[in-house]
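Here the structure comes first, spelled out in structure tokens, and everything after it is commentary.
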Amino acid sequence: MRDLLESRKEIDEIDDKIIKLFERRMEVCRDVADYKLKTGKPVLDRKRELEKIKTLKAKASDEFYAHGVEELFEQIMAMSRKMQYKLLTEEGVNNDIGFDIVEELPTDDITVVYQGIPGAYQQQAAAEYFNGKAKYCSVPTFREAMKYVRDGKADYAVLPFENSSAGIVADVYDLLVEFQNYIVDTFDVKVEHCLCGLPGTQIEEIREVYSHPQALMQSKAFIEEHGWSTVEVANTAIGARFISEQYDRSKACISSENAAEIYGLKVLHKGINFNTTNTTKFIIISRHKISRRNADHICISFEMPHTSGSLYQMLSHIIYNDLNMTSIQSRPIPEKKWEYRFYVEFEGKSNQAGVINALSGINAEALNTKILGNY
């Protein structure tokens with residue numbers, strides 16, 4: 001049996017040769033990048049890559065090695081493309097992703113739209129974020145809110161994006177792709193459900209509780225403890241408004257303290273939801289492609305070829321450029337059966353070299369890429 005140390009020594013020698021050959025190959029790729037820069041040819045030539053890999057696989061001595069050769073050269077070619085994107089960026093190609101940098105969001109004489117009615121968490125988020133510096137209007141749907149911003153009826157929309165316990169708001173994700181509006185900031189609101197009733201109501205009088213299904217679910221233990229029946233309504237604020245219009249102290253609602261104040265209700269018990277850290281992230285939407293100077297997150301969407309390893313190839317651009325991915329979500333593409341659109345958030349600024357490199361690579365290799373915001 002061969003000594004292990006001898007085998008390792010030989011492996012080290014082979015690895016040294018591989019490194020030298022790899023660096024030599026990458027130097028030649030610099031010439032390729034220079035040629036493509038001068039001629040305007042795209043970095044990715046997938047047909048050429050597949051033909052090359054097929055030729056290289058045929059040189060392998062068996063099927064196992066052929067598969068390894070394929071995987072190895074997929075990576076080498078990917079590294080080559082990444083270096084070419086980097087060199088093109090350094091030469092000023094594709095180094096502007098179109099965002100105007102502002103010190104702060106314009107907040108003078110603005111109109112802000114939200115979905116729902118006064119007392120909804122969206123209204124609370126809007127009021128807290130803009131701190132009374134705006135005129136507010138409400139619409140019945142997320143789509144209407146996006147239309148208001150697109151058509152100039154509102155300067156900003158405040159929409160729920162994700163809840164720490166319930167997950168993403170799927171409809172909002174889809175609308176970000178459909179409309180040419182952009183995320184310009186985010187704002188977190190802690191969700192604290194309160195049991196609310198008419199002034200003078202005692203908990204012992206309650207028989208029926210109204211609220212949004214999610215709020216009822218999140219307060220299930222408290223409701224069951226008291227043996228109340230439940231009635232689902234469109235959102236927590238609608239429940240609060242309904243109770244305020246009744247003359248029946250056997251009916252109560254689960255809503256925010258803000259909604260209780262707006263509709264003149266008495267808060268009978270605070271924090272009845274089981275998850276005390278429950279938080280909803282809201283996004284601030286503008287029709288203008290702007291980002292604050294201190295913005296440090298990018299959100300993009302993309303589709304990709306329905307082939308093995310394609311998602312890895314897209315995400316590898318983020319990894320290679322030392323960017324920290326903070327979120328990835330997927331949504332079905334309605335017109336493409338069993339295919340998905342991906343939404344990725346990562347840390348970075350719109351004028352950062354690594355961000356530009358990553359976006360150049362993803363934009364060139366993915367399908368229907370869109371930058372949703374820098375915030």
Side-chain angles (χ1 to χ4, degrees), residues 1-39 41-91 93-95 298 300 302 304-326 328 342 344 346-348 352-366:
M1 180 181 295
R2 188 176 186 186
D3 183 74
L4 177 61
L5 292 178
E6 289 181 10
S7 298
R8 285 178 173 172
K9 182 181 178 182
E10 186 173 357
I11 287 174
D12 290 342
E13 292 171 355
I14 294 170
D15 287 347
D16 289 342
K17 293 176 182 178
I18 290 174
I19 291 171
K20 287 182 173 62
L21 289 171
F22 172 73
E23 291 181 350
R24 181 180 169 188
R25 191 185 196 281
M26 295 299 280
E27 286 302 314
V28 175
C29 287
R30 290 180 180 271
D31 298 331
V32 174
D34 184 57
Y35 175 83
K36 290 179 177 178
L37 174 64
K38 291 176 180 176
T39 61
K41 289 192 67 175
V43 170
L44 177 63
D45 185 347
R46 190 57 178 161
K47 182 180 178 181
R48 156 73 179 164
E49 287 186 355
L50 292 174
E51 290 173 350
K52 177 70 173 176
I53 289 173
K54 182 179 179 180
T55 301
L56 292 169
K57 286 176 66 178
K59 296 179 179 181
S61 58
D62 64 27
E63 187 176 343
F64 177 83
Y65 287 142
H67 185 72
V69 165
E70 179 179 19
E71 189 168 333
L72 173 63
F73 278 90
E74 283 280 10
Q75 293 300 317
I76 290 175
M77 290 175 179
M79 292 296 295
S80 170
R81 293 196 304 273
K82 291 178 177 67
M83 188 184 72
Q84 291 179 57
Y85 293 130
K86 180 175 182 293
L87 293 173
L88 292 174
T89 298
E90 290 172 355
E91 292 296 324
V93 179
N94 299 326
N95 62 354
I298 301 274
I300 64 174
F302 59 83
M304 57 194 181
H306 201 48
T307 56
S308 175
S310 57
L311 178 58
Y312 168 77
Q313 292 294 344
M314 298 307 112
L315 299 182
S316 71
H317 291 285
I318 296 171
I319 299 167
Y320 177 80
N321 287 285
D322 295 322
L323 302 173
N324 180 38
M325 186 174 70
T326 52
I328 180 169
F342 287 85
V344 173
F346 56 88
E347 294 176 352
Q352 184 179 331
V355 168
I356 295 168
N357 293 340
L359 293 177
S360 294
I362 293 171
N363 187 56
E365 298 176 17

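Every heavy atom of this structure was used, including side-chain atoms; hydrogens, water molecules and symmetry mates were not. Start at 1 with the first residue, then count along the sequence.
- Taking CD1 of Ile318 as the reference point, atom CD1 of Ile328 lies at 7.5 Å (rounded to 0.5 Å).
- The two residues Tyr65 and Ala60 have their closest heavy-atom pair at C-CB, 3.8 Å.
- Here the shortest heavy-atom pairing between Ser80 and Cys29 reads OG-SG, 2.9 Å.
- The shortest heavy-atom contact between Ser360 and Tyr85 is O-CE2, 4.1 Å.
- Two residues are said to be in side-chain contact when any heavy atoms from C-beta on lie closer than 4.5 Å; Lys82 and Ser316 meet this criterion.
- In Glu63, the CD atom is not crowded: 12 or fewer heavy atoms of neighbouring residues, nucleotides or ligands sit closer than 6.0 Å.
- Pairs of residues two or more places apart, or lying in two chains, that qualify as salt bridge (charged side-chain N to carboxylate O under 4.0 Å, His left out) and include a residue from residues 44-54 are Arg46-Glu49, Arg46-Glu74, Glu49-Arg81.
- No side-chain heavy atom of Met304 sits less than 4.5 Å from a side-chain heavy atom of Gln313.
- A donor-acceptor pair is defined here as one N or O able to donate and one able to accept, closer than 3.5 Å; such a pair exists between the side chain of Asp3 and the backbone of Leu5.
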Note to self: Evaluate Val344 against Ile362 for side-chain contact (heavy atoms from CB on, under 4.5 Å), listing each step before the verdict.
What the structure shows: CA-CA 11 Å; Val344 173; Ile362 293 171; over 6 Å; no

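- With rounding to the nearest 0.5 Å, the separation of CD in Glu365 from CG in Leu44 is 5.0 Å.
- Rounding to the nearest 0.5 angstrom, the gap separating the CD1 atom in Ile298 from the CD1 atom in Ile356 is 9.5 Å.
- Note on Glu90 versus Lys86: salt bridge recorded, some NZ/NE/NH1/NH2 to OD/OE distance being below 4.0 Å.
- The 12-atom threshold is exceeded at CD of Gln75, counting heavy atoms of other residues, nucleotides or ligands nearer than 6.0 Å.
- Contact detail for Ala358 and Leu323: the closest heavy-atom pair is CB-CD1, 3.8 Å.
- Looking at residues two or more places apart in sequence or on another chain, you find a salt bridge (Lys or Arg N to Asp or Glu O under 4.0 Å) between Glu70 and Lys57.
- Atoms CD1 and NZ, on Ile14 and Lys17 in that order, are 7.0 Å from each other to the nearest 0.5 Å.
- Between Met314 and Phe342, the closest side-chain pair of non-hydrogen atoms is not below 4.5 Å.
- No side-chain heavy atom of Asn321 sits under 4.5 Å from any side-chain heavy atom of Val355.
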Checklist line | side-chain contact (heavy atoms from CB on, under 4.5 Å) between Glu6 and Glu10, worked out | finding: CA-CA 6 Å; Glu6 289 181 10; Glu10 186 173 357; over 6 Å; no

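- Within the 4.5 Å cutoff, the side chain of Lys59 has no heavy atoms near those of the Val69 side chain.
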Next item on the list: Please test Ile300 against Phe346 for side-chain contact (heavy atoms from CB on, under 4.5 Å), starting from the C-alpha separation and ending with a verdict.
Entry: CA-CA 9 Å; Ile300 64 174; Phe346 56 88; 4.2 Å; yes

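- The stretch residues 23-36 participates, sequence neighbours left out, in these side chain to side chain donor-acceptor pair (under 3.5 Å) pairs: Glu27-Arg30, Asp34-Lys38, Lys36-Gln84.
- Between the CG atom of Leu21 and the CG atom of Asp16 there is a distance of 11.0 Å, given to the nearest 0.5 Å.
- With rounding to the nearest 0.5 angstrom, the CG atom of Leu72 is 9.5 Å from the CE atom of Met77.
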